[in-house]
Amino acid sequence: MSAQKKRNFKIEAFKHRVELDPNYAERTWRVLEHAIHEIYNHNASGLSFEELYRNAYNMVLHKYGEKLYSGLVNTMTGHLKEIARSIEAAQGGFFLEELNVKWGDHNKALQMIRDILMYMDRTFVPSNHKTPVHELGLNLWRDNIIHSSKIQTRLLDMLLDLIHRERTGEVINRGLMRNITKMLMDLGSSVYQEDFEKPFLGVSASFYSVESQQLIECCDCGEYLRKAERRLNEEIERVSHYLDVKSEVKITSVVEGEMIANHMQRLVHMENSGLVSMLVDDKYEDLSRMYNLFRRVPDGLSTIKDVMTSHLRETGKQLVSDPEKLKDPVDFVQHLLDEKDKYDKIISKAFNNDKTFQNALNSSFEYFINLNNRSPEFISLYVDDKLRKGLKGVSEEDVEVVLDKVMMLFRYLQEKDVFEKYYKQHLAKRLLSGKSVSDDTERSMIVKLKTECGYQFTSKLEGMFTDMKTSIDTMQGFYSSQYSEIGDGPTLAVQVLTTGSWPTQPSAPCNLPAEIVVICEKFRTYYLGTHTGRRLTWQTNMGTADIKATFGKGQKHELNVSTYQMCILMLFNSADQLTYREIEQATEIPPSDLKRCLQSLACVKGKNVLRKEPMSKDIAEDDAFYFNDKFMSKFFKVKIGTVAAQKESEPEKQETRQRVEEDRKPQIEAAIVRIMKSRRVLDHNTIVTEVTSQLQSRFLPNPVIIKKRIESLIEREFLERDKADRKLYRYLA
Amino acid sequence: MASRRGRIRFNVGGKIFETTATTLANAGRHSMLGALLDDSWNPRQPAEGEAAEAEYFIDRNPACFAVLLDLLRTGELHVPPNMPEKLLNREALFYGLLDQVRAARWGPFDGNRLQLVDSVSGRAPGDGTAIRAGPDGGCCVAHGSMVHVYDWMLEEHRPISLDYQQVNDVGYIDAESIVISARERLGKGDGGMGVFSSSTGELRHRFRVSHYDQVKSFTAGALSLGSSDYKIFASCKGRCNEYGIGVWDQITGQQVDFFYEPPGCCLGDADKLQWLDGDKCLMVATLFPRTDNCFIGLLDFRDKSVIWSWSDAGTSVSLSLDEKRVLHAIAIEDSRSICVVNQYDDLGFIDLRSNAGGVRWSSRSKLTNRKAPNEESCYPKLATHDGQLFSSMNDGISVFCGPEWVLTSTLRRSYGGSICDFSIGGDRLFALHSEENVFDVWETPPSPII
């Protein structure tokens, strides 16, 4: 206000437009330009920020923003050109050092220049669509330094050379590398990619192409994979140390492609060290490495899986068709289990429990187990062996483990009904002879079968257990009611078996000794008295007896024999010598069984309670038998076994097979009728597939047999062929 | 003496100020004060004790510096009555503290606590067409063929126009960009739609409409700037019956869609477009007096269908003057309804959930004297903000709140004539008066300290 008042008093001689000093802009710019020079020359300590800021502010305020901006561009470009010259002059290894130092200087200067020109940055730059000062500084650096012809290629060669040297084992200055790549990234992702990353990937690809070619010629598979893994980790580490994070995917894919994908087949099939020998030798570490590396490339895992599958099928096929192995069923199954364990371990240890590998393993086992049609029998025999004696003194958990493993093999079986058949036979033998180790274990196995195949599958097996239990009760009842009448006679233990639940063969009853007949009759009247409407048939071919015998020198023994053998021995109570024909006549034992019994009584050393004339291995029809009063044994109890094949003989096998086929017929028919009842009309192929899928849990029905069953059903007028289309069947309600 | 450390002494225009480094840190590194204290400009670290003696000289107005320093200390802005705003803003720009000043100037928007802070007189020759609030507190006013642009300091920038054609609607894409929709000029390809820089007023981009791969000129009407998916919707009229809603991308500026007007729906002449974020559809309202039969519809662009519509075509058989006509409409997504207003300033609601519902009028005549609409009055307008409903009525704006929309406040000024348009944005309400071409700025004062 006071200034204005004063002016009012002044008499102005001349009136001219009030104008700024024409040199004002130029002068102010000189000050700022000088400051920029000083900043680049590390001489900024003498500068006053306030003054410079005010000057820049005034230039923008007085519309000299354009002059300020273009002045900045020119001055900065000049400095950068000078810097470029000094970097170009740097010798050899100092080139990068110099570049790094200058880059640091430039950044610092840029920051200070931006501070001075902050007002221009805020007001003039956005309204005039200029590049902000910081970005401008980076762009000028890019254009004048990085893209200068003398620096660009030299920089790239230098960087690639350093990386190459590090790959060949030299130690390089990683801090410097990091600063330089950081600079490239700061200049924009396109600069980093175009000026460094692309050539870097190209050089890496050719480096690894050469190296992998050399390695594969001189290394075995395991060693090659170890080296490839190390290279991969090196590259990942390199990225983390001094490259852009986004480069990791790109460089690893280069290494994967060159070192793994390109040599995949050769590695897997490498002789003596490839996948197959790793599997054979349980090289978990190598396998795990192969898995982890191959997982990174397309088709890698499927390559491993295919080779493993074909190897498994090949070895499995040899295993199940090796006649040596077939001799011992327990050994056979044990081999299968060992093989399964081996591969389970490989998959869990080396293959990360990969589901696809587990599936491949399962399908391979399913494939070769069913190649041998005796597998169901052998598996049942294996269980039989374990349940008879194999599991003595083994803890409950271990028993479960063994049974679970068997169930796993059972799952692979296609003919589950055959297994059932054998299992029933073996179970019956175990139960009747009291050979089973533990009732709990038996039941546990039944429960497993039940959960696997359903109630229907095990109902008969469970019936057998019920029979055993009720028989004990029945016998207790019998003895408590008849106690007074029995006196000193032989003790009878009867097991009442339900027809149908047990695998009994109808056999002609033999003539029992009179003492036995008496007590048998007593039991018959007792049993039929308590249960009306039942019929009892004696299965003399399945019983056992304990008899006491006194031999020549007065030594007493207890003989454990079969019912047939008992009948024979009882005859010698009244005679010292009997011919074969006499025995046959007196006992009416079927000839084949009789021969086997006599063989075991007379021909087995140490157990020969009878003596045969003439002495020979085989029983002839005109042989004569004597009571062997010279019989000696160090045991009081003597078990006289029957000469019997544990494994089924060829004709028996045929018979079992035939029975299985017979049993399948009604099942197939039932399935056909069930399907037709719901679908009414169906063509042949659909029926076959549906029946197959319905029965799959029990067995794999043969299409020819299905066709036969359909024909039989047509004959019996359950179905008819469609009049128009002969391929169609129609359900007749 | 530990307390002396961190103290900083300024000499601003001859006056000494002392403050702490922590207070100045509120200015940020990218401000003049931040740079001044940065290590790169203070290479020698002063020894202990000597620090207090160092003093920074700044050749600026000390009174303003006091106000700004107080802002940095407390976050509040207290301008002495004798200090012009312009002066303070200029100083704030020098120090790079303009953003802090703006943030401290007014509080978050609340319709019931608004204060009139300024009235700006315009220089338009005729009636105002529209006023729009910008996201940063600025606004633009459309008069005839011109749009006047004001920043948040209410400084006027260069006015903008699209080939000097009649402006139908304007809108902000962001604080820096304004879209204008204008009438086409026959045969010249002028008019249509364009984006302008709000600070310099230059044309940045002109939107095109192509029908069957042929670029056609068009008249653009109402605008809607869908905020969530960066699209611009505009009602378009081409000369060969190419009526409908055009859709453009805000970033590329390219046409991405066109919804041709189906029979029975009025789209190309719409008065109001509103993008509904929750339902992903566009409300289109074509109303009296532009048409005799009002139409409101919701458009789904994904399958090009009208998913909801309402019209008074059937109801108004006798076209008497007293008939209640819908004059403006706004969708309120939260209450699933469309609010409308008639010539008696009654509010009405149409339920969006049923397709054949009528208008449920809630008569306001009991609250205010029903004045016969005279020649001078303007048609009422509606707006919503944060659960509050605003309705202009002659020279005042009523504020309604709550689920039943209870009248809670009235904004009125004694002069200026009736309000022809108003807009809410950037935590401000701008009301444009028809008679004296004045617009008012209403804002919520910052929250009280206690």
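In what follows, every chain begins at residue 1, and chains take the letters A, B, ... in the order their sequences are listed.
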Does some side-chain heavy atom of [Y] sit less than 4.5 Å from a side-chain heavy atom of [X]?
X        : Y        : answer
B/Phe65  : B/Asn61  : no
B/Phe196 : B/Val170 : no
A/Trp141 : A/Leu80  : yes
A/Glu51  : B/Phe57  : no
B/Glu155 : B/Lys86  : yes
A/Leu155 : A/Leu96  : yes

Would you please indicate yes or no on a ring centroid separation below 6.0 angstrom for B/Tyr150 and B/Phe430?
no

Classify the angle between the aromatic ring planes of A/Tyr57 and A/Tyr53 as parallel (below 30°), tilted (30 to 60°) or perpendicular (above 60°).
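Parallel.
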
Most chain A-contacting option - heavy-atom pairs closer than 4.5 Å, from B/Thr200, B/Ile58, B/Leu98
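That would be B/Ile58.
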
In terms of heavy-atom proximity below 4.5 Å to chain B, should A/Ile39 be classed as side chain, backbone, both, or neither?
side chain

Is [X] in contact with chain A via its backbone, its side chain, both, or neither, using a 4.5 Å heavy-atom distance?
X        : result
B/Phe94  : both
B/Glu202 : side chain
B/Arg60  : side chain

Which residues in residues 114-126 of chain A have any heavy atom lying under 4.5 Å from a heavy atom of chain B?
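Residues A/Arg114, A/Asp115, A/Ile116, A/Met118, A/Tyr119, A/Arg122, A/Thr123 are the ones that qualify, each having a heavy atom under 4.5 Å from chain B.
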
